[in-house]
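Numbering of residues begins at 1 and proceeds along the displayed sequence. Both ligands and their constituent atoms are indexed starting at 1 by order of listing.
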Amino acid sequence: MTSTQLPDSHDVEAMATDGALPVRNPRTGRVDYLIHPPDPAEIAEFCAGLRKAQPAWTAAGIGHRAAVLRRWADAIEANAKAIGDAETVDTGRSRVSHEVPYMVAASIRGWCDAAPAILERARLHGVSSTSATVRYDTEFDPYPLLGVISPWNHPFLLSTLDAVPALLAGCAVIVKPSEVAPRFVEPVAAGIAEVPDLAAVLHFVTGGPDTGRSIVEEVDALCFTGSVSTGRALAQTCARRFIPAFLELGGKDAAIVTASADLRQAAAAVLKGAVHNTGQVCFATERVYVDRSVHDAFVEELTGQARRLELNHPDVDRGHIGPFILGRQADIVDAHLADALARGAVLHCGGRSETLDGGRYMRATVLTGVDHDMKIMREETFGPVVPVQAYDDIDEAVRLANDSDYGLSAAVFAGDEDEARAIGRRVNAGAVSLMDTSLTIAIMRDVEKTSYNLSGLGGSRMGPNGMLRFLRRKALLTRTGPVPDMDSLREDAS
Ligand code: NAD
């Protein structure tokens, strides 16, 4: 048994024995679920089974792998309600949770469509540019076993983002989602079991940091999505083990709004980017820089739009803003807000978190009078807060946007696309949305991007590299003419 649904009244302390981990319901604040993580020996056993199945998975070819993954996409859609219901409890948000299974299924089918051409383009054949009798051919050799460790903010989506292209590349994959939001694993595992060829090479486990640590000791490559501090620790383990680590970490996205921008559109986009999913998104808009000449008008528009947003309490199927998934996150956001207000920031709407029926909620919160001495402008907040700072010229806006430990993504709003593009080129971030926020999600298989600074390491998870990074390239080199003998290498040979 890997999980237990707890009855209404229970003694968590008594039940959480033998290493079981309690899972809190974000809408009630109650622990109502337990997971039972495997021990290191069990993880080693799972990994051995995956390794055993992987050579046949690779040998079967891309056509077979894509056909199997398409069957998984069908199974996900067939189980979409159960997955969505479970993720709704995990996250306290209903609409996105019920859309995610369809997004994942579409993403699987998209990768299946794209994969053969990606492989074909990367497979190089030719004659050496320095030696006319040497021919080369590329062979691909997948890392046999990939570990995926994912965070709580998008439980199902982020546990599959790297796993799907890795499976198509020919890897076997072990996935460990966050212990904060693990309920979706049961219905997802049921769907995997319906596709036996896939079940042999894809395994989900539930557990916390200890389980993650055990996995990193077993695998041949790691994809980690989560915080900078955990990413740094895992990168060190991977360096010791000499295996590649692909890290997708935190963000502190900036948005720049120029004097020529459409302020109503810019405010709507900034609000969506900052508040969607309660701000619990790596590429959430967390800082806004506005030309001083339109600052007050922008803030008035933004505040008017923000005031209209409703919490999804008491009805999970209504409103815009759900509870904090992780109760502790509300304390972090409150602390950032308190720090800003103590240093002179001005609150226009929203404010500190409130507890409703045990869930921790925060209304859309707009702040002005902020600066880079405040945590709210420097550290990842991960809450529905929009701090707005005025700038005097575009050089100052770019300097402020680039004054960050992070560099995941950013946004620019200007009077026209050319003006926005010219500014976007100067911002140090892996993806810059122009005339909207958070467009990164739209380019999953299309375009590669590199995270700047502490936001990531190890190459793009997007575009063709999202799949090719799981393949070791082997060059097969053929001498097509006579072998040069040692006489041709004599010191005095002409
Ligand atoms: P986290 O680092 O606390 O945990 C992430 C995962 O790592 C969890 O599964 C956790 O159990 C595991 N883990 C924790 N310590 C570990 C250890 N020592 N060894 C092995 N595994 C360990 O992150 P979180 O709080 O779950 O997620 C929020 C963070 O994720 C934010 O910083 C957010 O920006 C980031 N994030 C980044 C992206 C991206 O694509 N760049 C996407 C979503 C979230």
**Item:** For Lys176, atoms of ligand 1 separated by under 4.0 Å from a heavy atom
**Value:** 8 (C), 9 (O), 10 (C), 11 (O)

Can you report which non-hydrogen protein atom sits closest to [atom], along with the distance?
atom                    : value
atom 24 (P) of ligand 1 : Trp152 NE1, 3.4 Å
atom 44 (C) of ligand 1 : Asn153 OD1, 3.4 Å
atom 21 (N) of ligand 1 : Gly212 CA, 3.7 Å

Compute the minimum heavy-atom distance from [X] to ligand 1 and say whether it is under 4.0 Å.
X      : value
Ser150 : yes
Pro177 : yes
Arg461 : yes

Region of [X] that comes within reach of ligand 1 [heavy atoms, distance under 4.0 Å]:
X      : result
Leu158 : side chain
Ala233 : neither
Leu326 : neither
Glu380 : side chain
Phe283 : neither
Leu249 : backbone

**Item:** Under-4.0 Å salt bridge between Asp90 and Arg27
**Value:** no

**Prompt:** Between Asp113 and Arg445, is there a side-chain N and carboxylate O pair less than 4.0 Å apart?
**Reply:** no

**Message:** I want to check a possible cation-pi pair here: Arg469 against Phe246, using under 6.0 Å from ring centre and within 45° of the ring axis as the test.
**Reply:** yes

**Prompt:** Does the cation-pi check pass for Arg472 over Tyr143, that is, NZ or CZ under 6.0 Å from the six-membered ring centre and within 45° of its axis?
**Reply:** yes

**Prompt:** Of the non-hydrogen atoms in Leu302 and Ala267, which two are nearest, and what is the gap between them?
**Reply:** CD1-O, 3.7 Å

Best match, [options]: closest heavy atom to [atom]:
atom                    : options                        : result
atom 36 (N) of ligand 1 : Gly430, Ser409, Cys282         : Cys282
atom 16 (C) of ligand 1 : Thr206, Leu247, Thr230, Ile149 : Thr230
atom 2 (O) of ligand 1  : Ser227, Pro209, Gly226, Ser159 : Ser227
atom 20 (C) of ligand 1 : Glu179, Arg213, Glu248         : Arg213

Scan side-chain atoms only and decide if [X] and [Y] contain a donor-acceptor pair under the 3.5 Å cut-off.
X      : Y      : value
Asp405 : Asn453 : no
Thr225 : Ser150 : no
Glu186 : Tyr33  : yes
Tyr361 : Arg363 : no
Thr381 : Lys252 : yes

**Min N/O separation Thr225 to ligand 1 under 3.5 Å** = no

**Test of proximity, Ser455 against ligand 1: N or O pairs below 3.5 Å** = no

**Prompt:** Are any non-hydrogen protein atoms located under 4.0 Å from atom 26 (O) of ligand 1?
**Reply:** yes

**Test side chain to side chain donor-acceptor pair (under 3.5 Å) applied to Thr230 - qualifying residues, sequence neighbours left out** = Ser227

**Message:** Going by side chain to side chain donor-acceptor pair (under 3.5 Å), name the residues that satisfy it together with Arg399, two or more places apart in sequence or in a different chain.
**Reply:** none

